[in-house]
Protein chains: 2
Amino acid sequence: MAAATAFSRDGFDGVAVDDIARAAGVNKAMLYYHFGSKQDLYREVVRDMLRAVGGAVAAIARSDAPAPAKVERFIQAVADLRESRPWFPPLMLREMSAGGPRLDPDTLVLMKAVFAAFAAILEAGSAARDFRRVNPVLAYMTIMGPLMMNAVRERAAAEPGRAHLPMFAAVDRHELVTHMQQTALRMLTKDRSR
Amino acid sequence: MAAATAFSRDGFDGVAVDDIARAAGVNKAMLYYHFGSKQDLYREVVRDMLRAVGGAVAAIARSDAPAPAKVERFIQAVADLRESRPWFPPLMLREMSAGGPRLDPDTLVLMKAVFAAFAAILEAGSAARDFRRVNPVLAYMTIMGPLMMNAVRERAAAEPGRAHLPMFAAVDRHELVTHMQQTALRMLTKDRSR
DNA sequence: GTCTATAAATAGATAGAC
DNA sequence: GTCTATCTATTTATAGAC
């Protein structure tokens, strides 16, 4: 979706509907005909994203793998979603930074489902004594935060004249996933077996 | 600074210079007289923020505490900066999400200093064999990511009609800092003695 | 359904009085 | 240095032809 790319890069206010239309190969009146308003178009983009994330995460939570494997797959899934929908992290972080003024109740339900699936994984791990008890909100932030922030870091790194800065050094995708899987399990497990 | 609050909430394009002026108790022409343009004003806000962060972090890196204590103080300092400058996390995440189009070379130097100080802490820890070798960029993301993302999560949680959602539950500041300190050290240390 | 043209509002920036 | 008034460009949104 062209709108998703534009919104994630320039923000809701930074994008002109005209530009979205041109990028999508239609004209402005078409967008208004199909979506009603700029805000409705934006909401559709956010919802599509949240449905994708929620679907993937819920499937993992429902599976019957051990909880540590579920956490590893959760991290892999979020990393994969970032590949298939590059606008996911910046759009999410922008919306949260703004205080979520364009998150209506229907969209909040979708966000809620994502977190609920993650929390269910933690709960399963605690019940099986694989995990110690951790505040699920903090655990969620600890896993999602680096994945989201690294994605926008790479976005900023891609601009010209940045590559030489150490903080914008390229990080291999597999290295990122492995690091986050290890860190997450170190955070969650009681013993030192990993 | 009123401009910082406005930019962090609504983004560069989402704020009208008129609104910033009103919030600051002056008029628009005054802002242009003193700052030249909206972009220059924005850059001053970002630079002020980065100078504050860089100063705090560099002081910690320079101190002669053991590396694990430095990491703990780093986390505490970032959490404190978020209190004294609430616009810090959203402004940072927004700018990175946009690809940093308003980060000029002088501002990048300030960003570079923050990361350099953090990397120096890691290096000291590795040299003293307190830490295992970890990609410093990933370690930086793993610590900054949750702190930044939790800050904007709380911002979104503050909007009306959100408090009942589990993902917007309040998290005690001390609990956040303690959790991040523990998680960071679990990530960095070879053994699990903590 | 798809387009062109345009209305109506708003924004960044400046001129010029004091 | 500080203000009011205004210019100019841009933007969301819609009217109306086809």
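Naming: A, B, ... by sequence-line order, numbering from 1 per chain. Predicted, not measured: the structure shown is a model, and the values here were computed from it.
- Remark: B:R153 is not positioned above the aromatic ring of B:F168, lacking an NZ or CZ atom under 6.0 angstrom from the ring centre and at most 45 degrees off the axis.
- What separates CD of B:Q39 from P of C:dA13 is a distance of 9 Å, to the nearest Å.
- Note: CG (B:D19) to C1' (C:dA13) measures 16 Å, nearest angstrom.
- Relative ring orientation between A:F74 and A:F118 is described as tilted, the plane-to-plane angle lying within the 30° to 60° band.
- Note: CZ (B:R22) to P (D:dT4) measures 12 Å, nearest angstrom.
- With C:dG1, D:dT12, D:dT2 as the candidates, the nucleotide lying closest to the side chain of A:K38 is D:dT12.
- In this structure, the side chain of B:R9 does not engage the main chain of A:A98 through any donor-acceptor pair within 3.5 Å.
- Of the candidate nucleotides C:dG1, D:dT12, C:dC3, D:dT12 has the atom lying nearest to any side-chain atom of A:A16.
- Going from atom CG of B:D10 over to atom C1' of C:dT10 covers 15 Å, rounded to whole Å.
- Rounded to whole angstrom, the span from the OH atom of B:Y33 across to the C1' atom of D:dC3 amounts to 13 Å.
- Nearest heavy-atom pair across A:V152 and B:S97 is CG1-OG, 3.4 Å.
- In this structure, B:L31 atom CG and D:dC3 atom C1' are separated by 13 Å, rounded to whole Å.
- Exactly one residue among B:I75, B:V57, B:D130, B:I60 makes a side chain to side chain contact (heavy atoms under 4.5 Å, CB included) with B:K70. That residue is B:I60.
- Contact annotation for B:A29: base contact, defined as any heavy-atom pair under 4.0 Å involving a base atom.
- B:F12 places its CZ atom 14 Å from the P atom of C:dA11, with the value rounded to the nearest Å.
- The B:K28 side chain lies nearest to D:dT6 when the options are C:dA15, D:dT6, D:dT14.
- Atom-to-atom, CE of B:M30 to P of C:dA15 comes out at 17 Å; the value is rounded to the nearest Å.
- The phosphate of D:dT14 has neither OP1 nor OP2 within less than 4.0 Å of any side-chain N or O from A:Y32.
- Set against C:dT2, C:dA11, D:dG1, the side chain of A:N27 has C:dT2 as its closest nucleotide.
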